[in-house]
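Atoms within each ligand, like the ligands themselves, are counted from 1 in listed order. Bear in mind the structure is a predicted one, so any value in this text is a computation, not a measurement. Quick note: residue numbers are just sequence positions, from 1.
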Amino acid sequence: MLNAITKAGFLISLAGNSDKEALRKLRSQTLFCPCCKTPVLLKAGSIKIPHFAHLKNASCSASSEPESEYHLLGKKELFKLLISHGYDAMLEAYIPEIRQRADILVRTDSQILAIEFQCSTVSEAVFQKRTNAYIQQDILPVWVLADKNVKALQKNEYSLSTFQWLFLSGPSNKAAIQTFCPHRKQLYALSQFIPYTKRKTIALKSLLPPEALITHSFRQNIRGLLPYLPQWRAYRSSWPAKRVFSSNAKDPLLNSLYINHISPSYLPVEVGVPVKEMYLFETPSVEWQTWLFLDVFFGKPQGALISLKECNHAISSRIKQGYIQMRNLPLIEASGFKSVIENYILFLMNSGYLHRIRKGKFRLVEPFCIAQTAEQWHEMEKDFYFKHQDHFQKKS
Ligand SMILES: [Zn+2]
């Protein structure tokens with residue numbers, strides 16, 4: 001930690017510039033943890049930045065040690081960044097009611113925010129408990145991920161663990177993960193998520209101004225849509241082979257396809273398209289769209305009626321069976337999966353497959369086609385993305 005108190009209760013902070021002489025003076029007195037009040041040691045070696053550490057065997061509800069250099073530096077730099085932008089910020093603020101120490105507490109005219117710069121992985125239960133505790137105290141938790149832990153696979157493609165997905169926050173149509181790099185002193189937002197699998201996702205990484213942490217205004221300011229279609233199409237084309245290769249004999253999705261005499265390779269190209277907010281599902285979009293195809297669209301002739309209600313019911317049943325999983329996203333303001341299904345139906349409507357009769361009721365104008373050969377599938381795929389590319393690249 002970067003704060004300690006003297007015997008008389010005065011706060012000593014290492015957040016500012018501490019030269020050797022100042023550190024030498026500090027060493028000559030006994031200092032205490034501001035939370036548990038036990039003595040702490042000043043550590044000013046050559047590896048980590050100067051910081052305080054509890055004595056061995058101390059148990060402190062507010063602190064988990066050892067703290068990594070990246071975490072210490074991150075707190076310090078984030079704090080300095082906020083102060084330099086005129087914010088009323090407090091480093092390592094202990095909140096006795098909940099026995100939690102926020103990395104940084106910020107007071108604005110309208111609210112109090114707790115900024116947590118997270119480098120180590122904690123369990124979902126701990127993440128949730130800390131989040132809830134802040135909310136109970138009317139404090140808005142702002143979780144910021146260590147930038148070095150975000151693994152880029154290639155340009156605009158990332159691998160995110162279940163833990164890292166927890167950091168996704170905001171309204172579901174403007175969701176973002178905030179990251180901070182203490183070396184570059186730079187905040188970033190990952191947004192526009194288009195996941196292929198549970199972990200892998202296309203996403204846009206953009207720079208954030210420091211005030212974005214407090215005002216969340218960046219959610220309106222993230223500009224520039226990803227040119228993601230080539231990546232998506234490559235993934236979708238290779239999905240059947242990979243899926244079959246990695247499955248076992250009891251695989252419910254593949255079995256359902258075989259029962260209906262559909263080869264995964266010849267699934268309609270309309271199944272497995274990227275739609276807005278689809279990150280809400282942990283199950284890849286090809287899979288939930290396959291279930292929707294099998295349960296609702298398959299075998300229906302041109303002119304047949306389709307309702308949003310039956311689509312939602314189909315998905316809901318498959319979730320209950322455990323064949324489709326939702327992501328655990330405690331910071332996202334969304335209710336279930338319905339907005340994603342609506343976005344898929346909207347796409348089908350805008351691209352001429354469905355005609356809306358009235359609210360929630362549609363007529364099937366163009367049934368999906370199952371290919372007969374691999375060549376035919378690739379032909380259909382090319383035509384489909386040529387015809388509908390504008391729908392995928394549309395803003396908002
Ligand atoms: Zn302590």
Side-chain angles (χ1 to χ4, degrees), residues 1-18 22-83 87-107 112-146 149 163 180 182:
M1 60 192 152
L2 297 165
N3 287 347
I5 49 172
T6 63
K7 205 170 182 179
F10 291 111
L11 185 74
I12 305 288
S13 180
L14 298 173
N17 286 328
S18 32
L23 291 172
R24 202 185 53 80
K25 272 187 186 160
L26 282 181
R27 263 191 213 290
S28 64
Q29 54 182 314
T30 312
L31 296 169
F32 304 88
C33 167
C35 312
C36 67
K37 311 289 192 295
T38 63
V40 292
L41 285 175
L42 171 64
K43 298 211 163 176
S46 54
I47 302 165
K48 292 185 188 177
I49 60 167
H51 63 283
F52 299 109
H54 287 88
L55 300 179
K56 266 188 194 152
N57 307 325
S59 81
C60 177
S61 68
S63 143
S64 56
E65 281 167 347
E67 283 181 279
S68 67
E69 163 75 1
Y70 198 86
H71 183 237
L72 286 165
L73 197 61
K75 283 199 285 199
K76 185 171 161 172
E77 293 301 338
L78 259 178
F79 172 71
K80 280 162 70 179
L81 203 60
L82 289 165
I83 291 286
Y87 285 103
D88 176 4
M90 205 172 142
L91 186 68
E92 296 177 350
Y94 184 61
I95 302 144
E97 292 87 348
I98 52 175
R99 293 155 62 97
Q100 267 174 217
R101 189 181 66 186
D103 285 337
I104 301 163
L105 204 68
V106 180
R107 279 170 209 279
I112 304 175
L113 304 97
I115 297 174
E116 290 281 355
F117 179 60
Q118 198 65 32
C119 297
S120 57
T121 301
V122 297
S123 71
E124 281 181 42
V126 168
F127 184 92
Q128 189 72 66
K129 198 180 139 229
R130 279 161 72 180
T131 298
N132 293 346
Y134 284 130
I135 291 169
Q136 270 168 27
Q137 295 296 311
D138 253 333
I139 297 171
L140 184 71
V142 178
W143 290 90
V144 181
L145 198 56
N149 293 350
F163 171 69
F180 181 67

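- Using modelled atom types, one finds no donor on one side chain facing an acceptor on the other under 3.5 Å when comparing Tyr94 with Gln100.
- With sequence neighbours excluded, the residues forming a ring-ring contact (aromatic ring centres under 6.0 Å, His included) with Phe127 are Trp143, Phe167, listed by chain and number.
- Residues passing the side-chain hydrogen bond (donor to acceptor under 3.5 Å, both in side chains) test with Gln128 are Asn132, sequence neighbours excluded.
- Ordered by chain and number, Cys33 SG, Cys36 SG, His54 NE2, Cys60 SG make up the set of protein N, O or S atoms under 2.8 Å of the Zn ion (ligand 1).
- Ring planes of His71 and Phe117: parallel class, angle under 30° (limits at 30 and 60°).
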> Taking it one step at a time, do Glu69 and His51 satisfy side chain to side chain contact (heavy atoms under 4.5 Å, CB included)?
Replying inline: CA-CA 9 Å; Glu69 163 75 1; His51 63 283; over 6 Å; no
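- Applying the salt bridge (charged side-chain N to carboxylate O under 4.0 Å, His left out) rule to Arg24 yields the partners Glu21; only residues at least two apart in sequence or on another chain are considered.
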